[in-house]
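Here is how names work: the chains are called A, B, and so on, in the same order as the sequence lines, proteins then strands, and each is numbered from 1.
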Protein chains: 2
Amino acid sequence: MRLTTKGRYAVTAMLDLALHEGKGPISLADISERQGISLSYLEQLFAKLRRNELVRSVRGPGGGYQLNREPAGINVAEVIDAVNESVDATGCKHTGNCQGGEVCLTHHLWCDLSTQIHGFLSDITLASLVARRDVKDVAERQDRRQLNNMIVGSDTRPAEAGEAVV
Amino acid sequence: MRLTTKGRYAVTAMLDLALHEGKGPISLADISERQGISLSYLEQLFAKLRRNELVRSVRGPGGGYQLNREPAGINVAEVIDAVNESVDATGCKHTGNCQGGEVCLTHHLWCDLSTQIHGFLSDITLASLVARRDVKDVAERQDRRQLNNMIVGSDTRPAEAGEAVV
DNA sequence: GCAATACCCGACTAAATCAATCAACTATTA
DNA sequence: TAATAGTTGATTGATTTAGTCGGGTATTGC
Ligand code: FES
Ligand code: FES
């Protein structure tokens with residue numbers, strides 16, 4: 001099992017979409033700026049998210065991505081799954097053949113753990129995240145900062161993610 | 001966060017020690033054979049387990065490793081921790097500085113997940129694993145097979161882990 | 001129709017980590 | 001004193017991460 005920036009980025013980006021829902025398509029450039037994630041890397045991730053039908057895209061100017069379902073219908077577990085970061089903690093992908101075709105000593109422990117993690121993550125939807133106080137606070141800060149960057153950085157300076165713009 | 005063979009091997013090996021407690025020191029060669037883990041790799045893992053005072057060693061012939069505490073006092077979380085596989089799911093090691101010194105959008109989510117996993121794993125002790133039916137079954141199979149290998153393979157053939165010896 | 005926007009796609013890469021091996025060493029015991 | 005078994009450090013091939021780069025294609029506003 002692994003949970004790295006890939007899965008974290010995917011969830012963060014999807015949450016960003018959920019937060020800005022109803023404002024039309026959101027461009028990856030926007031997400032990149034707000035969340036401090038490389039644009040090219042986002043493109044890779046969204047290719048997978050699209051293949052898994054979690055988002056839909058609109059091309060051309062003013063285009064971008066939108067959630068393909070309502071936020072309440074998308075849970076965190078499937079987002080992580082979509083970018084190929086399995087939430088599976090076993091070494092045998094649940095086949096039980098670690099040890100030369102037979103179940104290893106700790107197989108059941110990892111199965112239990114997997115169930116536990118999957119249960120926890122699949123109970124959390126984008127909608128429930130959007131409703132959280134701490135998420136709202138961070139989102140507000142990010143939106144303010146982005147607005148600031150648009151004004152100050154109107155000389156099209158790349159404007160770094162965590163840059164102190166007051 | 002990551003949970004790979006390193007952490008799984010460590011738990012498996014510790015469980016093997018717990019299962020054969022009271023029979024004096026257990027050599028890594030024994031564990032290697034029973035669990036199908038490379039001997040040299042086990043050496044690396046046990047160096048860390050020893051540094052974390054989870055096991056104690058006895059050198060010389062008839063030597064090996066023993067649990068440094070009673071099985072009921074060792075939980076799975078600390079074993080995984082000991083081999084440097086943190087159970088932390090955040091990208092900031094709980095410092096909250098993912099995004100240029102500030103908390104990222106999903107920080108709290110990963111904190112919650114970490115707490116969840118840690119709670120689950122630290123509630124499971126080696127003693128509670130030893131008591132499980134499925135563990136007992138696998139352990140018995142392994143012991144039988146090892147005995148078999150000792151007789152059949154008395155020509156000191158390396159005897160592969162999952163080899164069909166019936 | 002044409003340029004700008006933004007998604008789309010594949011190849012490529014430096015760095016890190018994994019899983020394992022090898023060699024040389026020291027302590028202990030029969 | 002020879003065999004056993006732990007101890008340590010270096011090294012390795014394979015894989016994965018976290019990107020970058022360069023070129024596409026579809027859509028829109030002017
Ligand atoms: S983890 Fe499933 S058999 Fe080992
Ligand atoms: S995971 Fe902690 S700040 Fe991003």
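Minimum atom distance to the side chain of B/Glu43 is reached by C/dA23, of the listed C/dC18, C/dA23, C/dC7. Among the nucleotides D/dA3, C/dT21, D/dG19, the one closest to the side chain of B/Gln44 is C/dT21. Comparing D/dT7, C/dT29, C/dT21 against the side chain of B/Tyr65 picks out D/dT7 as the nearest. Closest to the B/Ser57 side chain, of the nucleotides D/dT4, D/dT7, C/dC7, is D/dT7. For A/Tyr41, the side-chain atoms get nearest to D/dT17 when compared with the rest of C/dA19, C/dC9, D/dT17.
For the pair B/Lys48 NZ and C/dT17 C1', the interatomic distance rounds to 11 Å; values are reported in whole Å. Going from atom OH of B/Tyr9 over to atom C1' of C/dA20 covers 9 Å, rounded to whole Å. One interatomic measurement links the two molecules: CG of A/Leu39 to C1' of D/dG22, which rounds to 14 Å at whole-angstrom precision. Taking atom CD1 on A/Ile37 and atom P on D/dT17, their separation rounds to 16 Å, with Å as the unit. Between B/Leu49 atom CG and D/dG6 atom P there is a gap of 13 Å when expressed in whole angstrom units. Spacing between atom CG of B/Leu42 and atom P of D/dA5 amounts to 15 Å, rounded to whole angstrom units. Atom P of nucleotide D/dT7 and atom CG of B/Leu45 are separated by 13 Å, given to the nearest angstrom. Between the CG atom of A/Leu3 and the P atom of D/dT17 there is a distance of 11 Å, given to the nearest Å.
A salt bridge does not link A/Asp137 to A/Arg141: none of the charged nitrogens lies less than 4.0 Å from a carboxylate oxygen. A/Lys23 has no carboxylate O lying under 4.0 Å from a charged side-chain N of A/Asp30, or vice versa, which leaves the two without a salt bridge.
Of the N and O atoms on the side chains of A/Gln146 and A/Arg34, at least one donor lies less than 3.5 Å from an acceptor on the other residue. Remark: the A/Ser114 side chain and the A/Asp88 side chain contain an N/O donor-acceptor pair separated by less than 3.5 Å.
OP1 or OP2 of C/dA19 has not a single side-chain nitrogen or oxygen of B/Ser38 nearer than 4.0 Å.
Between A/Tyr9 and A/Tyr41, the two ring planes are perpendicular [angle over 60°; tilted spans 30° to 60°].
Ranked by how close their nearest DNA chain D nucleotide is to the 5' end, A/Val58 and A/Arg2 are led by A/Arg2. In terms of position on DNA chain D, the residue among A/Lys6 and A/Arg59 whose nearest nucleotide sits closer to the 5' end is A/Lys6.
Within the nucleic acid shown, A/Thr4 comes within 4.0 Å of sugar-phosphate atoms alone, with no base atom in reach, counting heavy atoms only. Using a 4.0 Å heavy-atom distance criterion, A/Phe46 is classed as making no nucleic acid contact. Contact annotation for A/Ser40: base contact, defined as any heavy-atom pair under 4.0 Å involving a base atom.
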